[in-house]
Amino acid sequence: MRIKKYAAAFLAATTVLGSLAACKTDADVADNKATQPPVTEEPGKDKDPDPTPTPAATPIPDRDLGGAAYIIGDHWSPEEPAAPKNAQEEATLKYRQEIFAKYNFTMQSKTVAGWGEMTDTCVNSITAGEPAANIFELDYRFVAKPMANGLFYDLATLDEFDFSEDKWNKAVTELMTKGDSIYGMRAGKSEPRGGVIWNKRLFEEAGLDPDLPYDLQASGDWTWSKFEELCATLTRDTNNDGVTDIYATVSQGAEAMNCLALSAGQDFVMKDENGNLYNNTTNKAFLDAIDFAVSLYNKGYEMPQPEGSEWNYFQPAFQEGKAAMQFNQEYMCQNAQMYGDAMEDSVGFVMPPKPDGQENYKSYVCDNIAIIPSCYDAETAGNIAFAYNVYTMATPGYDDPNDWKEQYYSHFDDERAVDETIVKFNDGVSTTFLNQTLVAGLDAVIGPDFLWKYPFADVTPADQAAAIKDSWDAIIAEANK
């Protein structure tokens with residue numbers, strides 16, 4: 001049975017009622033009343049709360065927030081609040097009603113701009129002193145410009161936050177740390193991204209165990225050399241006409257390079273011990289990863305782009321069984337139009353293979369990052385922080401460390417993808433963010449300057465890295481200011 005087709009989907013919507021909040025004082029914000037407490041997604045089973053007592057949380061001091069109605073601004077919240085769909089959502093709604101009454105405030109999520117307009121809305125409204133929200137939730141690719149302009153409050157100065165607590169996402173905290181300052185946060189786990197998706201039927205037809213990548217990952221043997229060995233087996237001429245019929249891989253070149261570079265702990269941009277960013281493209285370890293990606297293409301394991309095809313040719317090619325593996329992101333497995341319900345063959349999902357001799361598997365994640373506008377005075381910012389801290393606490397009875405898994409089981413064809421792979425994206429040592437997202441302006445050139453050169457038919461990766469070094473160094477130096 002295909003788990004993702006028949007398991008219950010744990011989808012909870014975020015409430016979106018309320019009007020815009022001005023960057024003034026708590027008294028100004030208090031006039032903006034929320035009409036209904038929000039219901040947001042939290043992973044968990046549709047069951048009654050676990051009666052087993054849970055450890056007592058750190059006591060929260062009493063505080064009267066004066067009836068303030070705080071807005072969390074995002075780009076996805078629906079127009080109407082969704083009714084609770086299960087016992088956990090009902091418990092969350094009840095819990096939030098209780099904290100709203102206890103501390104005399106409300107907090108709700110609201111769409112303040114579309115995805116493409118979110119950066120401008122954030123920058124322009126904060127600069128004008130009238131931000132569209134008390135807290136913005138920004139796609140991590142959108143934080144560079146407003147952060148560079150000093151528009152994010154230094155959360156490290158707020159006593160209401162303790163980022164050593166387990167609920168705070170350590171990868172986001174690290175990403176948003178500059179020196180002793182912290183400019184963004186996330187309560188909860190990151191979204192898993194880069195890995196290897198494979199077609200189990202094609203593994204079987206090539207004489208391989210359909211779950212072999214799981215077994216190799218579990219034993220620590222999912223390495224570059226083993227991956228290349230599988231590529232040789234999976235690349236097949238099925239009718240003996242001298243033409244490859246089934247390729248080992250079909251991937252977007254940029255995704256393959258990102259996955260393999262990050263598998264070695266390398267990124268296009270890295271941070272030094274002082275938190276400063278630097279251009280890493282001339283680093284040997286980085287170039288080794290890129291060279292390995294290119295070698296798979298040159299050896300005939302990677303399916304070339306068919307002449308006249310669209311940029312996303314690799315998606316239908318994988319759907320149609322023309323290749324056995326693909327470097328891609330986790331959400332493709334749950335996307336009903338891609339490798340979810342639209343694809344009859346069962347697929348698996350593992351971390352990218354690691355360089356031979358390396359201990360840990362590594363990949364990257366992405367997230368929406370919560371920020372507080374920098375134009376608030378210390379008292380107002382502290383009250384917003386207090387409200388957000390209690391708002392994001394785990395719902396009593398649903399704070400088991402493994403509850404988060406439930407929302408992922410419906411994404412995949414098997415439980416091993418969750419129990420053995422997704423857990424690695426959440427272990428605190430195997431993943432990072434793409435640091436180049438912190439460099440305003442680099443996103444406009446990273447594609448044409450490097451990613452789009454794959455498979456590097458006319459220039460080597462090392463030569464291309466050398467050619468772009470000066471211009472990239474200048475962009476990154478500006479970001480460090």
Side-chain angles (χ1 to χ4, degrees), residues 141 193-199 224 227-228 230-232 234-235 244 246-269 279-283 285-320 322-333 335 338-339 349-355 362-364 366 434-437 442-468 472:
R141 291 166 290 184
R193 287 302 188 191
V196 174
I197 305 170
W198 78 95
N199 184 315
W224 287 2
F227 184 84
E228 185 170 352
L230 293 185
C231 285
L234 291 163
T235 302
T244 298
I246 306 294
Y247 287 88
T249 64
V250 60
S251 306
Q252 184 182 34
E255 189 64 48
M257 289 188 289
N258 273 330
C259 284
L260 288 170
L262 268 296
S263 78
Q266 302 297 311
D267 197 353
F268 289 84
V269 176
N279 178 3
N280 190 52
T281 57
T282 58
N283 184 307
F286 173 86
L287 290 172
D288 284 346
I290 303 302
D291 286 340
F292 179 63
V294 175
S295 75
L296 298 175
Y297 182 93
N298 291 336
K299 292 176 181 178
Y301 300 143
E302 169 72 20
M303 176 180 167
Q305 180 172 1
E307 185 175 352
S309 63
E310 299 293 331
W311 69 271
N312 61 342
Y313 69 95
F314 52 91
Q315 293 172 355
F318 188 79
Q319 281 181 325
E320 296 163 9
K322 295 180 179 178
M325 297 185 291
Q326 183 173 97
F327 290 101
N328 214 321
Q329 300 181 34
E330 178 272 340
Y331 74 88
M332 295 294 287
C333 295
N335 189 325
M338 295 302 173
Y339 312 148
F349 182 69
V350 289
M351 298 281 282
K354 61 185 179 180
K362 297 180 181 296
S363 187
Y364 71 99
C366 82
L434 300 176
N435 286 316
Q436 59 261 33
T437 60
L442 193 60
D443 58 335
V445 300
I446 194 169
D449 277 3
F450 201 96
L451 291 175
W452 300 346
K453 300 296 182 182
Y454 180 89
F456 293 91
D458 302 320
V459 62
T460 67
D463 287 344
Q464 185 62 19
I468 63 177
W472 279 35

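Sequential numbering from 1 along the given sequence is applied to the chain's residues.
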J.: Please report the shortest heavy-atom distance between Thr282 and Leu287, naming the atom on each side.
T.: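 Scanning both residues completely, I find the closest heavy atoms to be O-CD1, 3.9 Å.
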J.: Working to the nearest 0.5 angstrom, can you tell me the gap between Lys322 NZ and Asn199 CG?
T.: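 Rounded to the nearest 0.5 Å, the NZ-CG separation comes to 13.5 Å.
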J.: Any non-hydrogen side-chain atom of Gln329 less than 4.5 Å from a side-chain atom of Glu255?
T.: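 A side-chain contact under 4.5 Å exists here.
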J.: Would you sort out whether Gln315 and Met338 count as a side chain to side chain contact (heavy atoms under 4.5 Å, CB included), showing the intermediate values?
T.: CA-CA 7 Å; Gln315 293 172 355; Met338 295 302 173; 3.1 Å; yes
J.: Would you sort out whether Tyr339 and Gln326 count as a side chain to side chain donor-acceptor pair (under 3.5 Å), showing the intermediate values?
T.: CA-CA 11 Å; Tyr339 312 148; Gln326 183 173 97; 2.7 Å; yes
J.: If you measure from CE on Met257 to CG on Asp291, what distance do you get to the nearest 0.5 Å?
T.: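 Reported to 0.5 Å precision, the distance equals 11.0 Å.
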J.: Would you check if there is a donor-acceptor pair between the side chains of Thr460 and Asp463 at a distance under 3.5 Å?
T.: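 A donor-acceptor contact under 3.5 Å links the two side chains.
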J.: Quick one: do the Glu302 and Thr249 side chains pair a donor with an acceptor below 3.5 Å?
T.: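 There is such a pair between these side chains.
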J.: Taking Ser251 for its side chain and Phe327 for its backbone only, find out whether a donor-acceptor pair lies under 3.5 Å.
T.: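 Checked: pair present.
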J.: Give the minimum heavy-atom separation between Gln464 and Asp449, together with the two atoms involved.
T.: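 For Gln464 and Asp449, the tightest heavy-atom pair comes out as NE2-O, 2.5 Å.
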J.: Would Asn280 and Gln266 count as having a side-chain donor-acceptor pair, cut-off 3.5 Å?
T.: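 On atom types as modelled, these side chains qualify, holding a pair under 3.5 Å.
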J.: Mind running side chain to side chain contact (heavy atoms under 4.5 Å, CB included) on Leu234 and Ile246 for me, showing each step along the way?
T.: CA-CA 7 Å; Leu234 291 163; Ile246 306 294; over 6 Å; no
J.: Scan side-chain atoms only and decide if Ser309 and Gln305 contain a donor-acceptor pair under the 3.5 Å cut-off.
T.: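 There is such a pair between these side chains.
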J.: How close do Ser263 and Pro352 get, counting heavy atoms only, and between which atoms?
T.: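 Scanning both residues completely, I find the closest heavy atoms to be CB-CB, 3.9 Å.
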J.: Trp224 and Phe292: which non-hydrogen atoms are nearest, and at how many Å?
T.: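 Smallest heavy-atom distance, with atoms named: O-CZ, 3.4 Å.
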J.: Could you check whether any side-chain heavy atom of Tyr454 comes within less than 4.5 Å of a side-chain heavy atom of Gln252, counting everything from C-beta outward?
T.: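 In short, these two side chains do not touch, never coming nearer than 4.5 Å.
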J.: Report the distance from atom CD of Gln319 to atom CZ of Phe314, rounding to the nearest 0.5 Å.
T.: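 Rounded to the nearest 0.5 Å, the CD-CZ separation comes out at 11.0 Å.
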J.: If I compare all heavy atoms of Ala289 with all of Ala261, which pair ends up nearest, and what's the gap?
T.: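 For Ala289 and Ala261, the tightest heavy-atom pair comes out as CB-CA, 3.6 Å.
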J.: Taking the six-membered ring for Trp and the single ring otherwise, decide whether the centroids of Tyr301 and Tyr247 are under 6.0 Å apart.
T.: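 No - the distance between ring centres of Tyr301 and Tyr247 does not fall below the 6.0 Å cut-off.
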J.: What's the separation between atom CG in Asp267 and atom CG in Asn279, rounded to the nearest 0.5 Å?
T.: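 The distance works out to 10.5 Å.
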J.: Aromatic ring centroids of Tyr313 and Phe318 under 6.0 Å?
T.: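 Centroid distance Tyr313-Phe318: not below 6.0 Å, so no.
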J.: Under 3.5 Å, side chain of Thr235 to main-chain N/O of Ala232, donor-acceptor pair present?
T.: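 It does not hold such a pair.
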J.: Using distance alone, with no hydrogens and no angle criterion, decide if Glu310 and Asn312 have a side-chain donor and acceptor under 3.5 Å apart.
T.: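 Not at all, the side chains of Glu310 and Asn312 share no donor-acceptor pair under 3.5 Å.
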J.: Between atom OG1 of Thr281 and atom CD1 of Ile468, what is the distance when rounded to the nearest 0.5 Å?
T.: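 One gets 4.5 Å once the value is rounded to the nearest 0.5 Å.
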J.: Determine whether the aromatic ring centres of residues Phe286 and Phe268 are separated by less than 6.0 angstrom.
T.: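 Distance test on ring centres: under 6.0 Å, yes.
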J.: For Met351 versus Val196, what's the shortest heavy-atom pair and its separation?
T.: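 What the structure gives for the nearest pair is O-CG2, 4.2 Å.
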J.: How far does CD1 of Ile290 sit from CG of Asn258, to the nearest 0.5 angstrom?
T.: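 Output value for this atom pair is 7.5 Å.
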